[in-house]
Undergrad: 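Below you will find the structure I want to go over with you.
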Amino acid sequence: MKRLLLLLSLLAVPLANIHAQIEAKVDERFELTGILLSLADFPEFTQCGVESYKQDIDDYFARFKSSEQVQSVKELCRQLETQKVFPTPDAKLMFSPGDILMPAAGLLEIKNGHVRLSREYKGKGLSRLLPPEWTAEQFGEYVKILDGFYRESRFGRFFKEHEGLYAEAENNVREVYDEATSDWFVSFFGDGSVPGMRLYVSLVNCHYSYPVGNAMLIPVNDDKDGNPVPYKNVIWGDIDDMCRKFSENIFYRHWDEMEPAANIIYPQVEGFMKENGFNDAETAFREWFNRLCAMMYFRENGDEFYEAYLYIAYKTGFLWMERAAEFMGNFVSHRDLYPHIEDFMPQIVDFLDFTADDFSYVLEEYASVTPYITNIFVSGSGNLADADEIILSFSEPMQGSYGFDGVPEGAEELPFERVEWLDGTHFRFVLTEGACRPGHTYGIILSPEGFLSPKMFGVDEKHRVLRFKCE
């Protein structure tokens, strides 16, 4: 489901034609798949962001909610989830049937009122085309389900009736992606091809993208005026993969120079890396360099996703990414010497060499990056019985948000009238007068998503659970 890194096609065309690179189309195969999954009540597909379209789906397909096809696709999805091998428990929690069924729709064609395997793929061996969760027999049954639903629901008529809405969505997607991507890639990577994009536009999908062969499927939602436009976060997720079309070639031209430092650094973050699928130094540092390039897009375009991107890099195991971000300031301020990123590669190699020699300090920096509580002040005598406030002091200025995750085991909920930030580092609970009873323990659990540092790190695990005795 959660696909932020998607496959894009690279079209070698003159720079003058950059604005002609964006292809966007609502495809009947993907709308068919998404609507069938919405009728099967899979959450991602029941949250259509285009309100008028959602209502039309509900009205037109209501009688199919309990149909044989819908029940069959529910059972198939249960089978596929059982057969799928998940690298981590979190990956299983994030699974959606769309992970499998949406890419599979790209293997189909709709012709003469029937859904079938595209002639392009016949005779090529389904086992090589399908992900490992599928068997050829299951895929064949699924095609029959889609075909039956398509014919019985007269889906083609529904699709045709919405051609005007689809055209509007396609135009909006082309305009937004063109504006977001047109100039920066040429400036950053230099002369050559720009990352051409073939986009499939989905109105029924919620807010996640999917790889579909050499293209991608992206969702749209209503803007404040009710126009179908792409989700901003999806666009920024695509930036990462667009950079990859350039960064990997540059990386491999300089890998021999980077490898010695990479081989020193990788064993020290190997646990992080393998959790995220980077099983060797080359794979990890290829990804690191691509993320460095994408991070520069966010930095140079002043986007709020920049800090979040740094946080994601940290959590993936690229503990030196903030150092790298700071170092890239030299590239930005000396573009007269380094017009494009490859001109700066000797300096990036030097940066990695220095970082490898200095990596014990990098580990120390990472250990201190999580904010923590430095002091807890309970007013009065320090006993809840006569206290009217509790003030938490944090190790660094925080974002100013807050949130709670319940009550510690064996404690009662801390009674307070309100909470507030006094300044960046001090957070206050204003206690409810007379609510604490002697002999009782009260507490609260701070949410790491609520108490965030400016770098997007949540409060340290050891300081989340607060307990107070009333004596």
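Side-chain atoms are counted along with the backbone in the values below, which use heavy atoms only and exclude waters and symmetry mates. Please read all numbers here as calculations on a predicted model, not as lab measurements.
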Undergrad: So, the side chain of S379 versus the backbone of D388: is there a donor-acceptor pair under 3.5 Å, distance only?
TA: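 Yes.
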Undergrad: Going by atom types only, do Q399 and S401 share a side-chain donor-acceptor pair under 3.5 Å?
TA: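 There is no such pair between these side chains.
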Undergrad: Between atom NZ of K54 and atom CG of D56, what is the distance when rounded to the nearest 0.5 Å?
TA: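 The NZ atom of K54 sits 11.5 Å away from the CG atom of D56.
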Undergrad: Let me see the working for L414 and I390 under side chain to side chain contact (heavy atoms under 4.5 Å, CB included), right down to the final yes or no.
TA: CA-CA 11 Å; L414 182 69; I390 297 173; 4.2 Å; yes
Undergrad: Could you tell me whether the side chain of N172 and the main chain of P228 form a donor-acceptor pair under 3.5 Å?
TA: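 Checked: pair present.
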Undergrad: Taking atom NE2 of H440 as the centre, does the number of heavy atoms from other residues, nucleotides or ligands within less than 6.0 Å exceed 12?
TA: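 It does: H440 NE2 has more than 12 such atoms within range.
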Undergrad: Is it true that a side-chain atom of T316 and a backbone atom of F318 form a donor plus acceptor pair closer than 3.5 Å?
TA: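 Not confirmed, T316 side chain does not pair with F318 backbone.
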Undergrad: Provide the closest heavy-atom pair for V407 versus A411 in the form atom of the first, atom of the second, distance.
TA: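 Where V407 meets A411 most closely, the heavy atoms are CG1-O, 3.3 Å.
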Undergrad: Could you tell me whether the side chains of E282 and Y252 share a donor-acceptor contact shorter than 3.5 Å?
TA: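 Y252 and E282 do have a side-chain donor-acceptor pair below 3.5 Å.
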Undergrad: Do other residues, nucleotides or ligands put more than 12 heavy atoms under 6.0 Å from E433 CD?
TA: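 No - once you tally the heavy atoms of other residues, nucleotides and ligands closer than 6.0 Å, there are 12 at most.
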Undergrad: Got a sec, which residues hit side-chain contact (heavy atoms from CB on, under 4.5 Å) with T370, two or more places apart in sequence or on another chain?
TA: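 Checked T370 against side-chain contact (heavy atoms from CB on, under 4.5 Å); matches are F457, D460.
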Undergrad: Do M321 and Y309 have side chains that approach each other closer than 4.5 Å (heavy atoms only, starting at C-beta)?
TA: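 SC-SC contact between M321 and Y309 ruled out.
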Undergrad: Say whether, by atom type as modelled, one donor and one acceptor occur between the side chain of H426 and the main chain of W421 under 3.5 angstrom.
TA: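 No, the answer is negative, given that no donor and acceptor are paired below the 3.5 Å cut-off.
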Undergrad: Side chains of L36 and L101: does their closest heavy-atom pair fall under 4.5 Å?
TA: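 SC-SC contact between L36 and L101 ruled out.
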Undergrad: Just how far is it from atom CG of L466 to atom CG of L446, taken to the nearest 0.5 Å?
TA: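 Rounded to the nearest 0.5 Å, the CG-CG separation comes out at 4.5 Å.
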Undergrad: With a sphere of 6.0 Å drawn around NZ of K74, does it hold more than 12 non-hydrogen atoms of other residues, nucleotides or ligands?
TA: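 Yes, enclosed.
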Undergrad: Is F30 close to K25 at the side-chain level, that is, under 4.5 Å between some pair of heavy atoms?
TA: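 No, every pair of side-chain atoms sits at 4.5 Å or beyond.
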Undergrad: Could you go through the side chain to side chain contact (heavy atoms under 4.5 Å, CB included) check for F429 and F468 one step at a time?
TA: CA-CA 13 Å; F429 294 89; F468 305 94; over 6 Å; no
Undergrad: Within the supplied structure, the quantity of interest is the number of heavy atoms (other residues, nucleotides, ligands) at a distance under 6.0 Å from F354 CZ; does it exceed 12?
TA: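 Atom CZ in F354 is not crowded, with 12 or fewer foreign heavy atoms closer than 6.0 Å.
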Undergrad: For N205 and G34, indicate whether the former's side chain and the latter's backbone hold a donor-acceptor pair under 3.5 Å.
TA: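 No, N205 side chain to G34 backbone: no donor-acceptor pair under 3.5 Å.
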Undergrad: Measure the CG-CG distance between N263 and D280 for me, rounded to the nearest 0.5 Å.
TA: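 One gets 9.5 Å once the value is rounded to the nearest 0.5 Å.
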Undergrad: I'd like to check Y200 versus M102 (side-chain heavy atoms, cut-off strictly below 4.5 Å). Are they in contact?
TA: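 No, side chains not in contact.
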Undergrad: Taking S247's backbone N and O only, do any of them form a donor-acceptor pair with N290's side chain (distance below 3.5 Å, no angle check)?
TA: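 No, because the side chain of N290 does not come within donor-acceptor range (under 3.5 Å) of the backbone of S247.
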Undergrad: Classify the ring geometry between F188 and W184 as parallel (under 30°), tilted (30 to 60°) or perpendicular (over 60°).
TA: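 The arrangement is parallel - the two ring planes meet at less than 30°.
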Undergrad: Does the separation of the ring centres of F427 and F451 fall below 6.0 angstrom?
TA: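 Yes: the rings meet the under 6.0 Å criterion.
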Undergrad: Using only atom types and a distance under 3.5 Å, with no angle test, would you say the side chain of E170 pairs donor to acceptor with the backbone of V26?
TA: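 Side chain of E170 to backbone of V26: a pair is present.
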Undergrad: Roughly how far apart are M258 CE and R253 CZ, rounded to 0.5 Å?
TA: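 M258 atom CE to R253 atom CZ measures 12.5 Å (nearest 0.5 Å).
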Undergrad: Atom CD of residue position E409 - does it have more than 12 heavy atoms of other residues, nucleotides or ligands inside 6.0 Å?
TA: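 Check fails, neighbour count at 12 or below.
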Undergrad: Quick one: closest heavy-atom pair of N227 and E168, and the distance?
TA: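 Residues N227 and E168, closest heavy atoms: OD1-OE2, 3.3 Å.
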Undergrad: F351 and F344: aromatic ring centres closer than 6.0 Å?
TA: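 Centroid distance F351-F344: not below 6.0 Å, so no.
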Undergrad: Do you know which two heavy atoms are closest between V459 and S447, and how far apart they sit?
TA: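 Between these two residues, the closest heavy atoms are CG1-O, 4.3 Å.
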Undergrad: Can you measure from CZ (R291) to CG (D240) and round to the nearest 0.5 angstrom?
TA: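 CG of D240 is found 6.5 Å from CZ of R291.
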Undergrad: When W320 is tested against each of Y314, F285, Y361, Y266 for ring pair (Phe, Tyr, Trp, His ring centres under 6.0 Å), which residue passes?
TA: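 For W320, the ring pair (Phe, Tyr, Trp, His ring centres under 6.0 Å) test succeeds with only one of Y314, F285, Y361, Y266, which is F285.
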Undergrad: Other residues, nucleotides and ligands only: do more than 12 of their heavy atoms fall within 6.0 Å of CZ on F404?
TA: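 Atom CZ in F404 is crowded, with more than 12 foreign heavy atoms closer than 6.0 Å.
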Undergrad: List in chain and number order the residues that pass salt bridge (Lys or Arg N to Asp or Glu O under 4.0 Å) with D27, two or more places apart in sequence or in another chain; answer none if no residue qualifies.
TA: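 Applying salt bridge (Lys or Arg N to Asp or Glu O under 4.0 Å) to D27 gives R29.
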Undergrad: Are side-chain heavy atoms of L392 and I376 found at a separation under 4.5 Å?
TA: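 The answer is yes; the side chains approach within 4.5 Å.
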Undergrad: Do NZ/NE/NH1/NH2 and the carboxylate oxygens of R464 and E461 come within less than 4.0 Å?
TA: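 A salt bridge is present here (some side-chain N lies under 4.0 Å from a carboxylate O).
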Undergrad: Please round to the nearest 0.5 Å and tell me the distance separating atom CG of N383 and atom NZ of K469.
TA: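 Those atoms lie 11.0 Å apart.
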Undergrad: Examine distances only and state if a side-chain atom of T283 and a backbone atom of N279 form a donor-acceptor pair shorter than 3.5 Å.
TA: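 Absent.
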Undergrad: Apply the test ring pair (Phe, Tyr, Trp, His ring centres under 6.0 Å) to residues W255 and F289: give CA-CA distance (whole Å), side-chain angles for both, the deciding distance (0.1 Å), then the verdict.
TA: CA-CA 11 Å; W255 170 237; F289 179 65; over 10 Å; no
Undergrad: Looking only at heavy atoms, which two atoms of M398 and P371 are closest? And how far apart?
TA: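 Scanning both residues, the minimum pair turns out to be SD-CB, 3.7 Å.
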Undergrad: Report yes if some heavy atom in the side chain of C293 is under 4.5 Å from a heavy atom in the side chain of F189; otherwise report no.
TA: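 Answer yes - side chains close enough.
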Undergrad: Should we count CD of E413 as having more than 12 external heavy atoms under 6.0 Å?
TA: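 At most 12 heavy atoms, drawn from other residues, nucleotides or ligands, come within 6.0 Å of this atom.
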Undergrad: Checking N249 side chain against F246 main chain: does a donor-acceptor pair fall under 3.5 Å?
TA: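 No.
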Undergrad: Does any part of the side chain of I341, heavy atoms only, come nearer than 4.5 Å to the side chain of I348, both counted from C-beta?
TA: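 I348 reaches I341 side chain to side chain.
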Undergrad: Considering non-hydrogen atoms only, spot the tightest contact between E31 and L203 and give its length.
TA: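 The answer is OE2-N, 3.2 Å.
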Undergrad: Does a side-chain heavy-atom distance below 4.5 Å link S38 with I57?
TA: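 Heavy-atom side-chain distance check passes, below 4.5 Å.
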Undergrad: Would you sort out whether Y442 and F416 count as a side chain to side chain contact (heavy atoms under 4.5 Å, CB included), showing the intermediate values?
TA: CA-CA 11 Å; Y442 297 88; F416 57 86; over 6 Å; no
Undergrad: Carefully, step by step, assess V369 and Y366 under the rule side chain to side chain contact (heavy atoms under 4.5 Å, CB included).
TA: CA-CA 5 Å; V369 77; Y366 178 72; 4.1 Å; yes
